[in-house]
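These numbers come from the heavy atoms of this one structure, side chains and all, not from hydrogens, waters or symmetry mates.
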Amino acid sequence: MDYAQSPTPYQPQGAAGGMQPPAGGWQPNAAAPAGPGNGSKPLTQQWWFWTGIAAVVVVALVIGSIFMFKGDSSESDNKADSTSTSEPKSQKKADSDSKKKTSDSDDTDSSDQKKTSKPGSNDPGSNEKNPLDPKAGPITLNAGKYDDDPNASIDVTFGDVEWNANETLKAASGPYGYDDPPAGQVYIRVPVEITYHGEGQFADYRLQVGYTNDGNTAQPTSSVGGKSLFSRQSMPRDGGKAKGDFVFLIDSSTANEKKGAFTVSAFSQVDNKNEVYVAAK
């Protein structure tokens, strides 16, 4: 059985067919206002939030690019100015160094030419047919760059030739130091004096003296001559002198004609071929 409920003072009567909610006032299921925690979107999910951040980033990038461009342009200009300013100095220094090297090279070449100079093919002293005159004065021979002292030199003076020195050498050599020359040959003797200029002590083997006539040559002997031989003398130091004999065995006919020339050179001869011809007389 359905009994209708009578309205109470707190429950107004609604339309027929059931209870009706109050028309006004507080209702339990009314919608809450929009806001955080009440079902609305968070701030980071709003479209305008990210649009603003993107705009700030774009502005920052544009400003940064402008400053970077200005900085690079200024630095480039400074470098260009520095290069332009320093280039003439560098060029001037390079030109100065080039001139100095050229001058040094010229001085070196001139010095080397002076030290290694020897008579030309037609100059006196260049060959047997055109020898130097020993009476004209000392002959200066210079060292080369491969010698112990590249700046060293000696002055060589030739004395008079003894064209038959058999008896003289026999007396100087003693009874046991003399060998008679073969038939048709004689000993000739020439005294040679040197003055040394340079470092250290000159060595006797650094002076080479030979004899030549019509292309035929003779080397000095060391078995005849005794203590008068050049190789047995004490060799000098800077400014000192040494004097001794060079002895050669030649044909008697050549000695009688008093023909021929001496060749003389000194030092290592590695790079400085300073050999010259001196008349034998």
Side-chain angles (χ1 to χ4, degrees), residues 116-144 146-147 152-166 168-169 172-173 179 181-182 184-196 202-233 235 241-281:
T116 61
S117 62
K118 62 179 181 178
S121 59
N122 295 320
D123 295 336
S126 60
N127 55 69
E128 178 187 344
K129 302 302 181 181
N130 190 19
L132 293 172
D133 184 357
K135 307 300 181 182
I139 302 164
T140 300
L141 302 175
N142 298 288
Y146 294 108
D147 287 292
S153 66
I154 60 169
D155 299 326
V156 184
T157 303
F158 282 80
D160 295 334
V161 178
E162 185 177 2
W163 289 100
N164 188 334
N166 292 350
T168 302
L169 294 175
S173 301
D179 294 325
Q185 293 185 315
V186 295
Y187 291 113
I188 65 170
R189 180 181 68 90
V190 58
V192 175
E193 182 179 58
I194 65 167
T195 302
Y196 176 63
F202 186 76
D204 64 274
Y205 62 86
R206 291 296 190 184
L207 177 67
Q208 297 88 38
V209 178
Y211 173 83
T212 181
N213 179 53
D214 292 335
N216 299 309
T217 63
Q219 296 301 313
T221 178
S222 59
S223 60
V224 175
K227 295 181 179 180
S228 67
L229 294 176
F230 183 86
S231 60
R232 298 188 182 183
Q233 309 307 307
M235 292 295 105
K241 298 178 182 293
K243 184 177 181 179
D245 295 336
F246 283 87
V247 177
F248 302 91
L249 185 64
I250 67 173
D251 292 339
S252 299
S253 59
T254 302
N256 292 334
E257 295 176 357
K258 299 181 180 180
K259 296 172 57 178
F262 296 110
T263 58
V264 56
S265 60
F267 301 104
S268 67
Q269 296 291 298
V270 173
D271 67 314
N272 182 21
K273 305 298 183 182
N274 56 19
E275 182 181 71
V276 295
Y277 290 81
V278 181
K281 59 181 183 179

inquiry  = Quick check against the 3.5 Å criterion: does Asp204 have a side-chain atom that pairs as donor or acceptor with the backbone of Arg232?
reply    = no
message = With a 3.5 Å distance limit and no angle check, can you tell me whether Ser252 reaches the backbone of Gly184 through a side-chain donor-acceptor pair?
response = yes
note = OG of Ser153 to CG of Asp147, rounded to nearest 0.5 Å, is 11.5 Å
query = Should Pro220 and Val209 count as side-chain neighbours, where that means a heavy-atom distance under 4.5 Å?
reply = no
note = Rounding to 0.5 Å, atoms CG (Asp251) and CG (Asn213) come to a distance of 8.5 Å
task = Identify the heavy atoms of Ser173 and Gly225 that sit nearest to each other, and give their distance.
result = OG-N, 2.9 Å
ask   = Below 4.5 Å, heavy atoms only, C-beta onward: do Phe267 and Ile154 meet side chain to side chain?
value = yes
query = Stepwise, does the side-chain contact (heavy atoms from CB on, under 4.5 Å) test hold for Phe230 with Met235?
reply = CA-CA 9 Å; Phe230 183 86; Met235 292 295 105; 4.0 Å; yes
ask   = Are Phe262 and Phe248 an aromatic pair by the rule of ring centers under 6.0 Å?
value = yes
For the student: nearest non-hydrogen atoms of Tyr211 and Ala280, plus distance = CE1-CB, 4.4 Å
key: Nearest non-hydrogen partners of Pro182 and Leu249, listed with the distance   = CD-CD2, 3.7 Å
query = Taking atom CG of Asn164 and atom CD1 of Ile250, what is their separation to the nearest 0.5 Å?
reply = 9.5 Å
note = To the nearest 0.5 Å, atom CG of Leu207 lies from atom CG of Leu141 at 7.5 Å
request  = Check each of Glu275, Arg206, Gln208 against Ser265 using the side chain to side chain donor-acceptor pair (under 3.5 Å) test, and report the only one that passes.
outcome  = Gln208
inquiry  = Taking side chain to side chain contact (heavy atoms under 4.5 Å, CB included) as the criterion, tell me which of Asp133, Val161, Asp160 meets it with Lys281.
reply    = Asp133
ask   = Taking side chain as C-beta onward, heavy atoms only, is Asp214 less than 4.5 Å from Lys259?
value = yes
message = Assess the residue pair Asn130 and Asp123 against the criterion (side-chain contact (heavy atoms from CB on, under 4.5 Å)); give the C-alpha distance rounded to whole Å, side-chain angles, the decisive distance to 0.1 Å, and a yes or no.
response = CA-CA 7 Å; Asn130 190 19; Asp123 295 336; 5.6 Å; no
query = Shortest non-hydrogen contact from Gln233 to Gly244?
reply = CG-CA, 4.1 Å
ask   = Is Leu229 close to Val247 at the side-chain level, that is, under 4.5 Å between some pair of heavy atoms?
value = yes
note = Distance col, row Thr254:OG1 vs Ile188:CD1, nearest 0.5 angstrom, shows 9.0 Å
inquiry  = Quick check: closest heavy atoms across Pro131 and Ala279, and the distance to 0.1 Å?
reply    = CB-N, 3.4 Å
remark   = Heavy-atom closest pair (Gly215 atom, Glu128 atom, distance to 0.1 Å) is N-OE1, 3.5 Å
ask   = Within a strict 4.5 Å, meaning less than it, do heavy atoms of the Asp155 and Glu193 side chains meet?
value = no
request  = May I have the step-by-step check of side-chain contact (heavy atoms from CB on, under 4.5 Å) for Phe246 and Val264, ending in yes or no?
outcome  = CA-CA 11 Å; Phe246 283 87; Val264 56; over 6 Å; no
key: From NZ (Lys129) to OH (Tyr277), nearest 0.5 Å   = 11.0 Å
inquiry  = Using the side chain to side chain contact (heavy atoms under 4.5 Å, CB included) definition, which of the options Val278, Thr157, Val156 pairs with Val192?
reply    = Val156
